[in-house]
Asks: 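I am attaching a structure below and will ask some questions about it afterwards.
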Amino acid sequence: MAQLNLVQTVNQTLREEMRRNPDVVILGEDVGRNGGVFRATEGLMDEFGQERVIDTPLAEDAIVGAAIGMALYGLHPVAEIQFLDFIYPAFNQIVSELAKMRYRSGGQFPTHVVIRSPYGGGVKGGHYHSQSTEAYFIHTPGLYVVTPSTPYDAKGLLLTSMRMHDPVLFLEPKRIYRTLKEEVPEEDYTVPLGKARLVRAGSDITLVSWGAMVHTCKAAVDLAQNEGISVELIDLRSLLPFDLEAILTSVKKTGRLVVAHEATRIGGFGGEIAAQASERVIDYLKAPIMRVAGFDTPFPYALENIYLPPPERILNTIRKVAHY
Amino acid sequence: MAQLNLVQTVNQTLREEMRRNPDVVILGEDVGRNGGVFRATEGLMDEFGQERVIDTPLAEDAIVGAAIGMALYGLHPVAEIQFLDFIYPAFNQIVSELAKMRYRSGGQFPTHVVIRSPYGGGVKGGHYHSQSTEAYFIHTPGLYVVTPSTPYDAKGLLLTSMRMHDPVLFLEPKRIYRTLKEEVPEEDYTVPLGKARLVRAGSDITLVSWGAMVHTCKAAVDLAQNEGISVELIDLRSLLPFDLEAILTSVKKTGRLVVAHEATRIGGFGGEIAAQASERVIDYLKAPIMRVAGFDTPFPYALENIYLPPPERILNTIRKVAHY
Amino acid sequence: MEMLSILRADGEYDPKLEPDLSDEDLVKMYRHLILVRKFNERGMALQRQGRIGFFIDSTGQEACQIGAAYALNSNDWVYPTYRDVGVCFLRGVPMKVIFDQLYANAQDYMKGRQLGVHWGYKEKNIVTIGSPIATQLVHAVGTAYAVKYKNHRVVTLTFFGDGATSQGEFHTALNFAGVFKLPIVFFCENNQYAISLPVRRQTASENIAMKAWSYGFEGTQVDGNDILAVYKAAKDTIDKARSGGGPTLIEGVTYRMGGHSTADDPSKYRNQSEVEMWKKRDPILRFRLYLMKKGLLSEQEDRKMQQEMENEVNETAKEAEKVAPPALSTMFSDVYEEMPWHLKEELDDLMKEGT
Amino acid sequence: MEMLSILRADGEYDPKLEPDLSDEDLVKMYRHLILVRKFNERGMALQRQGRIGFFIDSTGQEACQIGAAYALNSNDWVYPTYRDVGVCFLRGVPMKVIFDQLYANAQDYMKGRQLGVHWGYKEKNIVTIGSPIATQLVHAVGTAYAVKYKNHRVVTLTFFGDGATSQGEFHTALNFAGVFKLPIVFFCENNQYAISLPVRRQTASENIAMKAWSYGFEGTQVDGNDILAVYKAAKDTIDKARSGGGPTLIEGVTYRMGGHSTADDPSKYRNQSEVEMWKKRDPILRFRLYLMKKGLLSEQEDRKMQQEMENEVNETAKEAEKVAPPALSTMFSDVYEEMPWHLKEELDDLMKEGT
Ligand SMILES: Cc1ncc(C[n+]2csc(CCOP(=O)(O)OP(=O)(O)O)c2C)c(N)n1
Ligand SMILES: Cc1ncc(C[n+]2csc(CCOP(=O)(O)OP(=O)(O)O)c2C)c(N)n1
Ligand SMILES: [Mg+2]
Ligand SMILES: [Mg+2]
């Protein structure tokens with residue numbers, strides 16, 4: 001087994017699946033010769049040729065749209081959007097076409113496209129290379145939305161996504177592309193969508209997060225531990241479908257719920273989780289449900305480390321909920 | 001005072017403000033000669049000329065983008081998007097440009113654009129002429145999002161929107177374009193953003209809604225009244241900013257909260273309201289917070305009257321919360 | 001740019017340009033022109049009578065649909081628009097399937113989820129139509145890419161209107177097609193209007209066909225009311241695409257005789273005199289004269305055929321009208337291959353609570 | 001299409017085509033070319049030293065920026081890209097303002113919200129740059145519309161790259177400009193690459209200039225490393241736009257000498273030999289020869305000017321480096337004109353809790 005970081009894992013997983021399945025093609029800006037601006041597709045063009053690892057002109061709508069048309073003809077395209085911040089020229093194709101084609105055609109035309117895109121802050125990318133807008137896509141029936149927080153999960157979730165017969169937005173937390181390595185098995189394994197991962201068991205508070213924030217949360221959980229607060233940390237891994245059962249089971253035990261995400265608070269996915277809990281397990285709650293989130297502003301540059309919830313801000317909220 | 005329906009009010013309000021302010025221009029598809037597919041701009045080209053009421057080529061990105069550039073030069077454009085379902089070609093311009101230009105320029109370049117768009121179901125429009133995706137825009141810092149439920153409010157909110165120095169998405173619930181008439185004062189008056197309207201006072205349950213659903217809710221409130229449940233109905237009118245104080249004040253009194261909207265549930269704005277309440281007034285709650293929403297599917301056609309929450313579904317939920 | 005024209009409005013034609021079509025082919029084409037016309041008449045009537053909710057008429061544009069689609073092989077792929085019902089008929093979509101969609105009934109292939117005129121039929125490689133304008137152009141490009149990748153000899157044909165040429169996707173699709181030299185034909189039915197906007201306000205370009213040059217391939221303009229010209233242009237460019245010659249843009253110059261849809265009132269924005277002028281250029285009229293001149297059709301055969309088509313249309317409409325509406329559960333299926341928990345829950349609740 | 005060229009790489013030129021520029025103008029142009037070059041050198045160095053986070057170099061493209069912007073009036077409007085710092089300098093943006101942005105410090109006009117090289121300066125009608133490619137083209141069209149609506153004699157000039165021509169907005173912007181016959185000039189700096197993609201993979205079109213024909217107006221191609229040609233093309237088309245002649249597309253054929261940005265490694269996708277070839281076509285080199293030939297510049301004056309520019313750049317960078325980072329509250333202002341309750345609350349909480 002190799003020690004791989006997250007972006008290496010993505011690369012390796014794409015390579016393995018392309019070896020297995022000749023219908024898998026990759027398309028996007030700079031994915032071929034250049035190997036992707038984050039090197040996620042490095043070496044793939046050399047191995048699979050430029051017909052299969054396709055450097056496209058600069059047009060996200062056509063990247064996603066062409067992927068749809070490829071899928072309809074039987075290919076399994078993996079489209080890369082260079083940064084999630086630049087996915088919006090394709091938004092019409094995603095919400096009006098990709099997500100709805102199966103439904104509107106009465107099931108005749110499924111669109112099994114995977115869109116991979118690096119997202120999130122913490123890389124000094126500023127206003128337009130940092131955003132976390134998963135909530136737009138979660139609110140779009142017909143799409144699945146996935147984000148790994150570890151190399152191991154990245155492989156398992158990506159393989160699952162590439163084998164779905166539905167479109168999947170596969171969000172890669174670029175902040176942790178290279179920050180952690182772990183053993184990633186070489187064999188074929190999948191991680192199912194809709195099953196959360198228990199990161200830390202705990203008894204006082206349930207903390208739900210995903211993507212890069214899981215690691216910030218781990219730091220916060222450690223800080224809380226020092227203060228005698230035992231936090232159960234859940235990594236959702238897939239945001240749609242999301243593992244509500246895992247959340248509710250935990251909240252029934254702890255009686256307290258905090259959700260932490262990078263995205264802006266208002267209309268963020270944290271609201272959905274809070275709403276689900278306040279509808280279903282309110283009687284178990286010993287404290288308000290609280291969210292830790294990015295501020296409700298566009299993404300800044302100079303102050304991103306304050307904008308992005310640091311462990312201390314999560315800890316603050318944990319304290320409030322614990323000592324309510 | 002004239003008796004006007006909602007779409008007539010929009011027309012009249014645009015006309016009045018254009019008479020007052022020569023910098024107001026209108027642009028969109030079929031807004032000129034044709035007077036808009038819903039007749040919202042009828043007669044305006046005759047009065048103000050085709051330079052000011054601009055029939056554009058079929059390209060929503062350029063409609064919104066050009067409106068931005070007009071605003072930067074000092075005009076106050078009102079762009080029409082024919083159906084909210086067709087706003088997505090402009091999504092990049094809206095979320096990346098319109099909403100962020102003031103911020104990213106350090107306040108140098110405010111973008112006072114109003115985007116008017118008919119939205120919502122109930123007109124037999126099917127899959128692509130029915131959607132309510134306000135949540136996408138509420139989750140976009142830099143935008144204001146407004147929706148009237150009465151002709152009176154339509155005028156007051158539209159005038160406020162047209163005088164803001166910020167971009168406003170003005171959502172017009174097309175289902176009630178012509179279903180109700182009321183006295184609309186001829187004089188200049190505004191309704192502020194961020195102030196909800198108390199539609200019905202009540203003591204047992206707080207019911208929050210907006211747009212066309214306010215009227216469905218009124219029917220549900222009447223049904224509940226017959227069963228001895230007293231519901232307080234709040235029409236948010238502006239979704240960003242939203243009048244949290246009005247909601248919380250009411251919930252503190254009633255101890256129960258239901259939110260009703262047409263949009264799909266997961267990631268809908270109802271989640272945000274539930275989350276805010278579960279964070280801030282949980283101790284007042286005597287029952288779970290519940291949402292009544294469109295199903296988490298794309299919008300159907302034949303079955304839209306079942307898809308859209310009817311009064312009975314709202315009543316069901318009211319009952320559950322009341323008898324919890 | 002010269003517009004390809006073979007068969008003039010008065011039924012005269014240029015024998016040197018006549019395409020290679022058998023008598024059978026010609027009569028089959030005519031039948032389909034008539035079928036589309038009759039179908040449109042019925043569709044409009046059904047909507048006016050309140051029997052269906054919505055309809056889009058394509059009267060005047062029959063030659064574009066039938067002429068172009070006639071040049072396809074059965075394993076080719078088509079991305080039509082809401083105005084191209086003739087493409088469906090020609091490729092063998094059963095008429096009942098067409099009417100089931102208009103009625104959005106339990107047998108509708110689209111399961112009652114879309115407004116009328118949004119057909120789709122996988123068996124015949126006809127991709128389901130959506131409402132957003134121009135989105136299908138990039139799908140067609142993707143399909144053509146996949147075809148080329150798989151080394152199949154399949155051509156993708158996509159239709160769209162003059163209004164669609166203003167959308168970003170027109171540009172990005174044609175650009176991709178040019179860069180990757182794909183086996184695709186882009187067919188623009190320039191019917192002079194996008195709802196109320198006349199084409200001279202849609203673009204300042206001299207014509208639409210020449211827009212192809214920006215993408216490194218050829219554009220060709222044809223009289224869209226001349227089915228022989230449409231067929232010839234389509235056949236030539238489809239053959240070219242099939243043999244590796246890359247994409248072509250065809251502009252069929254035609255006219256939308258009716259309103260944009262049953263929700264539109266064209267008197268708001270155009271003169272009757274213009275409509276009258278185009279009436280004289282009717283695509284069916286001239287093809288009828290041509291067939292008669294060639295001895296392939298008599299007055300009597302024509303009347304008979306028209307009656308047959310009308311009967312078939314009317315009877316099929318009646319059949320479709322009898323079918324029940326779709327089941328509640330159809331609202332929740334096909335969102336995903338398998339229903340995730342939240343949809344199951346919503347469906348269960350609905351069944352349990354009845355509302 | 002013939003490429004306009006006046007001043008060749010060897011300093012020879014066609015006197016018949018020489019634009020009407022005073023000696024003062026010519027020297028001023030040269031000063032700005034040098035300034036941009038020196039600024040780029042410093043910017044790259046600062047990034048390598050870790051003093052700023054990010055930089056985009058425009059070495060090789062100086063003649064496009066300076067030549068085109070030189071043809072503007074001071075009340076004209078410009079929508080530049082991240083590669084057009086010369087436009088800012090030429091229009092009088094203080095250099096300190098430029099460096100403050102790179103340092104994202106408390107004096108940054110953009111208040112530390114954007115990655116470096118995203119300038120904007122209202123006073124000089126330079127609209128703040130964003131990162132998404134091609135979005136500014138439609139803004140420029142709107143500004144030009146507003147100008148025309150107000151009967152002002154103002155021209156809007158917008159820059160963009162070859163990659164940008166593939167985006168939908170290139171198409172929709174030029175289409176609007178053609179339909180409304182707007183006073184606008186579209187300037188494409190075709191620097192042969194969009195990050196790693198060479199322009200021949202970006203479009204199959206013979207060139208970029210001819211894409212204008214699709215929109216009913218003229219396109220013109222110039223040697224983008226020839227500042228005289230760039231100026232002349234810009235001046236002619238800006239004058240034309242100002243006098244009601246409508247839009248033009250200019251393609252400046254140039255080369256990106258460095259990587260795409262400090263995050264890029266061009267050796268992954270292009271050969272050094274190509275770079276060497278373009279080095280010989282350097283826009284500054286040939287203009288220097290020209291000025292010397294005309295007796296407007298001596299070796300010594302040149303050295304002095306270069307030194308002056310270098311000093312100014314270095315000193316200003318140092319000044320900017322001293323400035324503190326922006327205040328916390330800047331994160332919350334300018335989202336809206338007035339802060340809504342939820343932002344006030346978030347700011348208050350942050351101030352209170354310190355995290
Ligand atoms: C993205 C989008 N914007 C607007 C509309 C509303 N709309 C429906 S059809 C139409 C005009 C289309 O014109 P054209 O492409 O010429 O096709 P035609 O109807 O003439 O066949 C418009 C504006 C839409 N369906 N999609
Ligand atoms: C919508 C969008 N997609 C992708 C990117 C990432 N990106 C930044 S610059 C660039 C290439 C731009 O090329 P070109 O237009 O030729 O300008 P140049 O950098 O060569 O000056 C890309 C793909 C982006 N900024 N915006
Ligand atoms: Mg048309
Ligand atoms: Mg370039």
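Labels below follow one simple rule: chain letters A, B, ... track the order of the sequence lines, proteins then strands, and each chain is numbered from 1. Predicted model only: the values in this text are computed from it and were never measured. Values below: all heavy atoms of this structure, side chains included; hydrogens, waters and symmetry mates excluded.
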Asks: In terms of heavy-atom proximity below 4.5 Å to chain B, should Glu169(D) be classed as side chain, backbone, both, or neither?
Replies: both
Asks: Side-chain contact test, heavy atoms from C-beta onward, threshold under 4.5 Å: evaluate it for Glu97(B) versus Pro132(D) and give yes or no.
Replies: yes
Asks: Between Gln108(B) and Thr128(D) (side chain of the first, backbone of the second, donor and acceptor by atom type, cut-off under 3.5 Å), is there such a pair?
Replies: no
Asks: Between the main-chain N or O of Tyr103(B) and the side-chain N or O of Arg113(D), is there a donor-acceptor pair closer than 3.5 Å?
Replies: yes
Asks: Does any heavy atom of chain D fall under 4.5 Å from the side chain of Met101(B), the backbone, both, or neither of them?
Replies: side chain
Asks: Within a reach of under 6.0 Å around NZ of Lys253(B), are more than 12 heavy atoms found that belong to other residues, nucleotides or ligands?
Replies: yes
Asks: With only heavy atoms counted, which part of Asp61(B) is less than 4.5 Å from chain D, the side chain, the backbone, both or neither?
Replies: both
Asks: Determine the option with the most heavy-atom pairs under 4.5 angstrom with chain D, choosing from Met70(B), Arg102(B), His112(B), Glu245(B).
Replies: Arg102(B)
Asks: Between chain D and each of Pro57(B), Pro77(B), Pro141(B), Ser96(B), count heavy-atom pairs under 4.5 Å; write down the option with the most.
Replies: Pro57(B)
Asks: Only pairs of heavy atoms separated by less than 4.5 Å count here; which of Glu338(D), His171(D), His152(D) has the most with chain B?
Replies: His152(D)
Asks: Can you tell which of Lys100(B), Arg104(B), Met164(B), Glu51(B) has the highest number of heavy-atom pairs within less than 4.5 Å of chain D?
Replies: Arg104(B)
Asks: With a cut-off of 6.0 Å (strictly less than), are more than 12 heavy atoms of other residues, nucleotides or ligands near NZ of Lys96(D)?
Replies: yes
Asks: Below 4.5 Å from any heavy atom of chain B, which atoms of Val335(D) appear? Answer side chain, backbone, both or neither.
Replies: both
Asks: Do the side-chain N and O atoms of Gln93(B) and His139(D) include a donor-acceptor pair separated by under 3.5 angstrom?
Replies: yes
Asks: With side chains defined as the heavy atoms from C-beta onward, is the minimum distance between Val138(D) and Ile68(B) less than 4.5 Å?
Replies: no
Asks: Identify the two heavy atoms, one from Thr172(D) and one from Ala59(B), that lie closest to each other, and give their separation to 0.1 Å.
Replies: CG2-CB, 3.6 Å
Asks: Please name the pair of heavy atoms, one in Leu72(B) and one in Tyr79(D), separated by the smallest distance, quoted to 0.1 Å.
Replies: CD1-OH, 3.5 Å
Asks: Give, as side chain, backbone, both or neither, the part of Glu60(B) having an atom under 4.5 angstrom from any heavy atom of chain D.
Replies: neither
Asks: Please look at Ile63(B) and chain D and tell me whether the side chain, the backbone, both or neither of the residue comes under 4.5 angstrom of a heavy atom of that chain.
Replies: both
Asks: Is Phe180(D) close to Ile54(B) at the side-chain level, that is, under 4.5 Å between some pair of heavy atoms?
Replies: yes
Asks: Is there side-chain contact between Thr156(D) and Tyr73(B), with at least one heavy-atom pair below 4.5 Å?
Replies: no
Asks: Anything under 30° is parallel, anything over 60° is perpendicular, the rest tilted; go ahead and classify His342(D) against Phe242(B).
Replies: parallel
Asks: Among the options Asp108(D), Leu343(D), Val127(D), Val154(D), pick out the one with the most heavy-atom pairs lying under 4.5 Å from chain B.
Replies: Val127(D)
Asks: Using non-hydrogen atoms only, which part of Val64(B) is less than 4.5 Å away from chain D: side chain, backbone, both, or neither?
Replies: neither
Asks: Rounded to the nearest 0.5 Å, how far does CG of Leu98(B) lie from OG1 of Thr135(D)?
Replies: 12.0 Å
Asks: Identify which of Trp119(D), Tyr121(D), Phe176(D) forms the greatest number of heavy-atom pairs closer than 4.5 Å to chain B.
Replies: Phe176(D)
Asks: Would you mind checking which part of Glu345(D) comes under 4.5 Å of any heavy atom in chain B, side chain (CB onward), backbone (N, CA, C, O), both or neither?
Replies: side chain
Asks: Taking all atoms of both residues into account, what is the closest heavy-atom pair of Tyr149(D) and Pro22(B), and its distance?
Replies: OH-O, 2.8 Å
Asks: So do Lys150(D) and Asp23(B) actually touch side chain to side chain, heavy atoms under 4.5 Å?
Replies: yes
Asks: Under a 4.5 Å heavy-atom cut-off, does chain B meet the side chain of Thr330(D), its backbone, both or neither?
Replies: backbone
Asks: Classify the ring geometry of Tyr144(B) against Tyr336(D): parallel below 30°, tilted from 30° to 60°, perpendicular beyond 60°.
Replies: parallel
Asks: Could you tell me which portion of Leu182(D) (side chain, backbone, both or neither) has an atom closer than 4.5 angstrom to a non-hydrogen atom of chain B?
Replies: neither
Asks: Counting only heavy atoms not in Arg33(B), do more than 12 fall under 6.0 Å of its CZ?
Replies: no
